[in-house]
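One structure is given here, and the rest of the page talks about it.
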2 protein chains.
Amino acid sequence: MDKVKVALWGFGAMGSGVARVLLQKEGVEITGVCDIHPQRVGRSIFDVLGIDQGERKDVIIEDSIDKATLIKPALCILATDSFTKKAFPKICQLIEKGINVISTAEQMSYPRAQEPELADKMDRLAKEHGVTVLGTGINPGLMMDLLAICLSGCMTDVEHVTCKRVNSLSPFGPAVMEEQGVGLTVDRFNKGCADGTLAGHVGFAESVGMISEALGWNLTAFEQQMKPIVTTVDRKAPYGYAKAGDVAGVNMTGQGWVDGQLKIDMIHPQQIEPEMEGTHTGDYITLLGTPTVNMQIKPEVDGGIGTIAMCVNMIPHVINATAGLKTMLDLPVPRAIMGDMRNLIIH
Amino acid sequence: MDKVKVALWGFGAMGSGVARVLLQKEGVEITGVCDIHPQRVGRSIFDVLGIDQGERKDVIIEDSIDKATLIKPALCILATDSFTKKAFPKICQLIEKGINVISTAEQMSYPRAQEPELADKMDRLAKEHGVTVLGTGINPGLMMDLLAICLSGCMTDVEHVTCKRVNSLSPFGPAVMEEQGVGLTVDRFNKGCADGTLAGHVGFAESVGMISEALGWNLTAFEQQMKPIVTTVDRKAPYGYAKAGDVAGVNMTGQGWVDGQLKIDMIHPQQIEPEMEGTHTGDYITLLGTPTVNMQIKPEVDGGIGTIAMCVNMIPHVINATAGLKTMLDLPVPRAIMGDMRNLIIH
């Protein structure tokens, strides 16, 4: 049986990370890569990754998805955007080629939350072309939504959900430092929030939407807030620096109301070098109800490798699924793939 | 649209607990109950449960499943056995009536582990009759298998899995005290292990089988051990008593080997009044790999209510599934049902 053919669209931190993992897995091969970065176009992925090509066929990074899918893959991992609106035309292109899609765009994890019309369009188009589309990642995708939902499976009654993810931005590069406002003065941070240039965490609306749908709660309101985490000491990370009095990161909070009652709390402070002021990273879920469930994972599950893993590990589930736009709610539980990926494909 | 019709086979602690929960849920009704206990046969379930019947139709406990399914249910929850061999003929009867089945039998959570032939038979028969069969519960079913598997979804590599569940037997009744050897002398406990009259926890082979299949590991050996937890103080629970020097519970351990390497460790000490000697209950999962994931839930998720919840919450997933014998690996993640169950049925 042929190896599972996977194409990658986007070869930045996520796309190239996915490639590194796929190259270590059995029964799967990368058949094409599309990326528009001038420093990458035309180069071999093995050269860009610094990995020995060995017995493998070479894969040259193309600047068009048409060229990157000349060998038709079963699935393409699209790692180019955070927002559904920007990923949408690319997803449609892939669907029309009859290729299953996994998107890393945070909003695509539950696109009905903010782009219900685009979600309907993708669902219809995917069904027409007999392919499956899924958005996933570590968060949204697992730590602040699917994991809470899975734990609620042992409850007969849920009164309130709190998902808290305390993480460190220190491992991330300059793009993330900029998006999250690391090193800004409080004034400039607040200006950035007001004019929309600071994104903060993208995904609360999606996580809250997914949790409400899963539990059968009728979400009537959603809000989120974004506050600076002001450091009292100088903090230095490989790609970020915040001096005392400036912004070391962002504290995102979000709330979901069901029929006027606050039912879902999302708490997600992210900053460089949190330990310098006594903050320890971790993922925490508290489900109040019957029985109450108190979960913690310490330290936090790293967001970069976590998202890469989720994308790789969901490949067989997406290929096996019925056609249409799916969320993590619709598919079997994610799981690490330690064997041959071909064994997981249902024929 | 009609309510989802559910029958119950077995009206002991589990079956009656499921009934209590179903009676509080929207969009579902209990259409029949079968139980052979002489104190229950012929009585109204509302009388047995001590719950006001209200506007609901009465349900009389029947001593035959034929009578209890005269109104054909969409699904029957079978809560009568721990072992596949004993549940098997009942499951076949239900399948032949065209009724979907959820079994609480621990071995049914992954029947291929110990009864591969019966598993094949059930799968074939279920496909012939177009129905779905699932075994589930809190453990096996979630805490020492599916939850670990779900967490592995954020990993690119898993080296070793440890699932540890430290629980209290104090809430359980006389049957559990007897099965687990609570109050026995160490000699009598060891005799009970040797002659098979003490069951201990049933489910390690199933959990280990499920984890290996999920990760794509080729399980080459499985072992388990059962040791007495000897108390140094007198311990008293509502239905159990262990004097100092006697057995307060059982420490179950199990191991799964993959190609000669120890890859899965199961640790499950259960005893009455664990706090009296400084043991605190909890569920712990450690997945060594990339990244390592360290999860804890404290206190433990109560096994009784947890199993009841899993059975109720999986009803829509089982009704929606394609025909055949399924495990928790095949279906979408469990989730608490807080809305109308009819909204979860896909037509």
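Reminder, nothing fancy here: chain letters follow the sequence lines and each chain counts from 1.
Interatomic distance, A:C150 SG to B:L151 CG, rounded to the nearest 0.5 Å: 8.0 Å. Rounded to the nearest 0.5 angstrom, B:M143 CE and A:C154 SG are separated by 6.0 Å. Distance check: A:D302 CG to B:M155 CE gives 12.0 Å after rounding to the nearest 0.5 Å. Atom-to-atom distance recorded for B:R335:CZ and A:M210:CE is 10.0 Å, nearest 0.5 angstrom. Here the OG1 atom belonging to A:T290 is positioned 11.5 Å from the CD1 atom belonging to B:I308, to the nearest 0.5 angstrom.
Only the side chain of A:I138 comes within less than 4.5 Å of a heavy atom in chain B; its backbone stays farther off. When heavy atoms are compared at a cutoff of 4.5 Å, B:L147 approaches chain A solely by way of its side chain, counted from C-beta outward. Both the backbone and the side chain of A:N294 come within less than 4.5 Å of a heavy atom in chain B. Both the backbone and the side chain of B:V158 come within less than 4.5 Å of a heavy atom of chain A. Residue contact with chain B, scored on non-hydrogen atoms closer than 4.5 Å, involves the side chain of A:L142 exclusively. Neither the backbone nor the side chain of A:N218 has a heavy atom closer than 4.5 Å to any heavy atom of chain B. Heavy atoms closer than 4.5 Å to chain B are found in the backbone of A:L331, but not in its side chain.
Top candidate by heavy-atom pairs under 4.5 Å with chain A, chosen from B:I337, B:N343, B:D157, B:V312, is B:D157. Put simply, of B:V21, B:I305, B:N320, B:D340, the one with the most heavy-atom pairs under 4.5 Å next to chain A is B:I305.
Looking only at distances, a side-chain donor or acceptor of B:K25 sits under 3.5 Å from a matching main-chain atom of A:T156.
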